Amino acid sequence: MGPNGIGKTTFVKVLAGVEEADDEQKLGELTVSYKPQYIAPDYQGTVQELLMSVAKENYISSWYKTEILQPLRIEPSWTGM
């Protein structure tokens, strides 16, 4: 924890071996987990299209409606629902 821009994430990446230290000294490789500060979507379609492609034919099942659509408060725009 600390202010922005002081190198917290860079330090963790150096410890993990993802980035090289300025002096090129190897600190070993640790297994760490970090969340990227900025993410970019890899999918160019709509959320509906993504969910349907992942669910394949299961998008019409009651489980899909109960566990995916209702918690996300998604109103399906396709017919048959």
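Computed from a prediction, not measured in an experiment: that's the story for all the values here.
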Where is the tightest heavy-atom contact between Lys65 and Pro71, given as atom of each residue plus distance?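 Where Lys65 meets Pro71 most closely, the heavy atoms are O-CD, 4.5 Å.
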
For the residue pair Val14 and Ala21, what are the closest heavy atoms and their distance?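 Residues Val14 and Ala21, closest heavy atoms: CG1-CB, 4.0 Å.
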
Gap separating the OG1 atom of Thr31 from the CG atom of Leu15, nearest 0.5 angstrom: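 The OG1 atom of Thr31 sits 11.5 Å away from the CG atom of Leu15.
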
Can you check whether Trp63's main-chain N or O pairs, donor with acceptor, with Thr66's side chain at less than 3.5 Å?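 It does not hold such a pair.
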
Heavy-atom donor-acceptor pair, Glu67 side chain to Tyr64 backbone, under 3.5 Å: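 Checked: no pair found.
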
Are more than 12 heavy atoms from other residues, nucleotides or ligands located less than 6.0 Å from atom CG of Asp42?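 For Asp42, atom CG is not crowded (no more than 12 foreign heavy atoms under 6.0 Å).
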
In sequence, state the C-alpha distance, the side-chain angles, and the governing distance for Ile74 and Ile68, and then conclude on side chain to side chain contact (heavy atoms under 4.5 Å, CB included). CA-CA 8 Å; Ile74 294 174; Ile68 305 297; 5.6 Å; no

Test of understanding: with salt bridge (Lys or Arg N to Asp or Glu O under 4.0 Å), list the residues that count as partners of Lys13, not counting sequence neighbours.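 For Lys13 the salt bridge (Lys or Arg N to Asp or Glu O under 4.0 Å) partners, ignoring immediate neighbours, are Glu19.
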
Contact check, side chains of Lys8 and Ile6, non-hydrogen atoms, under 4.5 Å: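 The answer is yes; the side chains approach within 4.5 Å.
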
